[in-house]
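Per chain, numbering begins at 1; letters A, B, ... match sequence-line order. Just the heavy atoms: all of them, side chains too, but no hydrogens, waters or symmetry mates, feed the values below.
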2 protein chains.
Amino acid sequence: MKLPFVQPKMMGDMIRRQIRAVLYRDLVSTTAELAQSTGISFPTISKTLDEMNNQGEVVLTGLGASSGGRRPKQYRLNADHMTGLAVALEKDYSSYALLNYVGEVIGREKLPGVLHDGPERLTEQIGTFVQRYPHLRALTLGVPGAVNNGRVFHIPDYEKFKNFDFKALYEERFSLRVQVENDMNATVLGYHDRSGDDQNRSLVYLYLGQNGPGAGIMVNGDVVRGSSFFSGEVSFLPLYDSQNFSQAVQEPPSAQDGTERRAKLIDAMSRLVAVFTATLNPHTVLFCSTDLTERDLADVRKGSASYVPADNLPSLLVRDWEEDYFHGLNQLTIRTMLGLGID
Amino acid sequence: MKLPFVQPKMMGDMIRRQIRAVLYRDLVSTTAELAQSTGISFPTISKTLDEMNNQGEVVLTGLGASSGGRRPKQYRLNADHMTGLAVALEKDYSSYALLNYVGEVIGREKLPGVLHDGPERLTEQIGTFVQRYPHLRALTLGVPGAVNNGRVFHIPDYEKFKNFDFKALYEERFSLRVQVENDMNATVLGYHDRSGDDQNRSLVYLYLGQNGPGAGIMVNGDVVRGSSFFSGEVSFLPLYDSQNFSQAVQEPPSAQDGTERRAKLIDAMSRLVAVFTATLNPHTVLFCSTDLTERDLADVRKGSASYVPADNLPSLLVRDWEEDYFHGLNQLTIRTMLGLGID
DNA sequence: CCAACTTATTAAAGTTCTTTAATTACTTTC
DNA sequence: GAAAGTAATTAAAGAACTTTAATAAGTTGG
């Protein structure tokens with residue numbers, strides 16, 4: 001019984017968002033094309049585009065090709081209108097990506113990790129970017145921990161960040177739009193965006209990280225956070241009589257045959273796939289290239305078919321985790337800049 | 001990057017929906033109250049309400065109490081404006097509920113089951129209702145099988161209904177708005193509505209039916225259908241070295257101690273709860289009173305805490321399955337009547 | 001190079017909402 | 001039981017969109 005409703009007051013705002021979204025997607029567009037793909041009438045598009053041009057949000061790049069009539073003005077987003085910063089906080093490094101208003105990465109830096117040191121170091125690092133880039137307006141932080149509305153409240157091994165409210169602090173201090181996201185959630189979002197696939201898909205992105213395995217889950221196009229932000233903590237899955245997923249995957253203390261160990265890993269993964277198939281029945285399950293090879297994947301595919309009917313299995317893919325993760329953070333940042341966030 | 005957008009053309013329609021939704025919720029309301037709770041200006045509400053009154057969709061029930069001024073006109077939905085039919089197709093019976101425009105059950109019938117006989121019997125049964133109730137406009141069918149857009153495409157044991165397109169046939173034949181939903185999906189929806197809880201919750205509704213166990217899953221307030229409509233088929237969950245959920249729950253062929261059997265059931269259930277907690281981390285997991293007692297539930301609660309940290313466990317509840325199921329079907333019907341469906 | 005044709009842009013008129021004002025219908029109080 | 005007060009309803013003015021018409025700017029072909 002949810003009724004999303006747009007009051008006339010918000011129309012102007014909505015129209016701008018639509019324009020931004022299309023301009024971001026198509027890079028360059030004309031009034032007629034925008035009217036076409038947004039469904040908004042061309043006089044309105046024209047008027048709004050004028051305003052956006054005056055405010056420096058879009059720029060006129062010239063005239064388009066003609067097919068027998070007056071040549072149309074072409075607009076695109078002004079790359080310099082705003083810049084955003086996407087930060088991945090990992091144990092060993094902080095990865096910073098600077099993004100312009102059209103979504104291009106205009107700078108990338110890896111600085112020392114701050115998770116052990118504490119928030120002060122992070123604030124310093126961010127501060128330098130704020131100084132260097134006066135158009136900085138959006139900041140996205142990816143963290144390996146549970147996040148609720150900009151505050152980290154469960155981050156094992158990095159006690160100094162526990163209960164640290166990134167959003168409150170940095171919005172105040174730097175006057176930026178700040179959002180914080182769990183790393184696997186950002187990753188699954190990143191894949192979803194890169195895949196270009198239809199909206200509303202269900203995905204599971206699995207990572208056997210250093211801090212124990214975890215999964216990012218997306219259902220019907222939305223990230224699943226869980227009632228206590230515990231979603232995707234697959235290490236606890238009771239998949240064997242006396243072992244959970246984590247224990248099955250972990251290297252056993254006793255010397256063990258390599259092939260046997262591999263078989264165990266494959267089976268655990270197969271069961272994991274079966275678990276998701278028999279619950280969410282997702283379209284795709286993603287693995288990290290650091291965790292599994294293509295050959296492993298084939299075996300997992302076979303293995304999981306012994307647990308659930310093969311017709312219902314998701315497609316399994318091996319991915320570069322870092323790429324998807326960074327892309328997810330970038331994506332979140334750009335959406336914020338363009339005003340297309342969740343709000 | 002989804003942008004729900006309301007064009008001015010659809011405003012009128014949206015306004016009516018808002019009014020219906022509030023009127024359904026509050027039963028009776030005045031112009032001022034409607035303007036208040038919808039956020040729409042009172043002249044617009046007034047005008048729309050007039051139209052709806054002329055068309056017989058709402059009725060004027062009198063004047064409200066005054067607090068020192070002119071007494072306000074009170075409107076409510078016209079119960080007779082439309083009627084809907086919610087049907088649960090089970091093996092042993094077909095349960096029919098007739099609903100008026102304010103959501104009241106104005107008739108209930110249990111007719112013989114039709115699943116074994118085939119679609120003709122069902123068409124007959126429905127036909128009698130169509131004849132008897134000229135205001136019938138909406139039909140909802142609940143079926144124990146996988147459904148895709150009004151067509152059943154996987155319904156074990158009831159071959160005659162396989163690939164039967166309820167929606168196409170009955171919309172044509174009876175000119176009704178028809179929707180078909182899987183039984184467990186309708187059930188979880190029914191609970192969600194009855195609970196009155198906040199939107200956007202994640203729920204799992206478990207049922208150890210005759211046709212093998214199944215679950216209805218809701219994430220962030222949306223029913224999860226899965227890529228091949230296989231979601232919730234928890235019987236396949238590999239929870240033990242050499243048994244899946246279904247096998248663990250099933251009565252073993254050998255004579256076995258009753259308490260031992262119970263312990264096994266409890267453990268399987270505990271693991272199931274653990275599986276959902278470590279993946280979706282739902283707010284609540286529901287069980288059927290036919291499957292589990294309150295005492296069992298306490299043991300499950302304890303048991304699952306041995307698999308995942310207790311803080312993250314969902315609340316566990318025992319429910320009357322049929323009640324929630326029927327309520328879910330009714331709810332779907334009413335939403336369709338009021339134009340609040342998914343569309 | 002100009003007439004005929006296309007297409008973009010600008011302008012005007014029409015809808016439909018909101019906001020504000022005026023009127024009407026009650027209540028309350030003296 | 002008026003007069004004063006309060007709240008609902010109706011009416012008028014304003015805002016922001018769409019639709020339709022008019023105009024401007026190019027193309028193309030003889």
Side-chain angles (χ1 to χ4, degrees), chain A residues 3-23 26 28-55 58-76 339, chain B residues 3-23 26 28-55 58-76 339:
Chain A
L3 286 180
F5 190 61
V6 180
Q7 314 270 85
K9 292 181 222 166
M10 298 149 68
M11 284 285 273
D13 210 50
M14 279 298 180
I15 286 164
R16 287 186 172 226
R17 284 194 212 185
Q18 299 255 107
I19 292 177
R20 282 189 212 112
V22 174
L23 241 26
D26 298 346
V28 46
S29 198
T30 68
T31 319
E33 286 166 358
L34 281 163
Q36 173 67 28
S37 45
T38 57
I40 298 164
S41 72
F42 62 85
T44 303
I45 295 281
S46 177
K47 176 169 150 282
T48 310
L49 225 35
D50 269 4
E51 290 169 13
M52 290 169 86
N53 192 12
N54 291 336
Q55 293 163 14
V58 300
V59 288
L60 206 138
T61 58
L63 301 178
S66 163
S67 50
R70 178 171 174 174
R71 299 175 60 194
K73 292 183 195 162
Q74 290 187 310
Y75 292 89
R76 51 180 300 162
Chain B
L3 285 181
F5 189 61
V6 179
Q7 313 271 85
K9 292 179 218 167
M10 299 149 65
M11 284 285 273
D13 209 51
M14 280 296 180
I15 287 164
R16 285 186 174 225
R17 285 195 209 183
Q18 300 255 107
I19 292 177
R20 284 190 210 109
V22 174
L23 240 29
D26 297 347
V28 46
S29 199
T30 68
T31 319
E33 285 166 359
L34 280 164
Q36 172 68 26
S37 45
T38 58
I40 298 165
S41 71
F42 62 86
T44 302
I45 295 281
S46 178
K47 176 169 152 281
T48 309
L49 225 36
D50 270 4
E51 291 168 13
M52 291 169 85
N53 192 13
N54 290 335
Q55 293 162 16
V58 301
V59 289
L60 206 137
T61 58
L63 301 178
S66 164
S67 48
R70 178 171 175 174
R71 297 175 61 194
K73 294 182 192 162
Q74 290 188 311
Y75 292 89
R76 51 180 300 161

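Using a 4.0 Å heavy-atom cutoff across all strands shown, A/Thr30 reaches no nucleic acid atom at all.
The side chain of B/Lys73 approaches D/dT10 more closely than any other nucleotide in the set D/dT20, D/dT10, D/dT27. Nearest to the side chain of B/Ser41, among C/dA21, D/dA21, C/dT18, sits C/dT18. With D/dT19, D/dC17, D/dA11 as the candidates, the nucleotide lying closest to the side chain of A/Met11 is D/dC17.
For D/dC17, the OP1/OP2 oxygens have a side-chain nitrogen or oxygen of A/Lys47 closer than 4.0 Å. In this structure, B/Ser46 does not reach the D/dA8 phosphate: none of its side-chain N or O atoms is under 4.0 Å from OP1 or OP2. The side chain of B/Thr44 contributes an N or O atom lying less than 4.0 Å from OP1 or OP2 of C/dT18.
Between A/Arg70 and A/Pro43, the one whose closest nucleotide on DNA chain C sits nearer the 5' end is A/Arg70. When the nearest nucleotides of DNA chain D are assigned to A/Ile45 and B/Asp50 by heavy-atom distance, the more 5′-ward of the two goes with B/Asp50.
If you take CD of B/Gln18 and P of C/dC17, they are 12 Å apart, rounded to a whole angstrom.
Judged by distance alone, with hydrogens and angles left aside, the side-chain atoms of B/Thr61 form a donor-acceptor pair with the main-chain N or O of B/Gln74 at under 3.5 Å.
The environment of CD in B/Glu51 is crowded: more than 12 heavy-atom neighbours from other residues, nucleotides or ligands sit within 6.0 Å.
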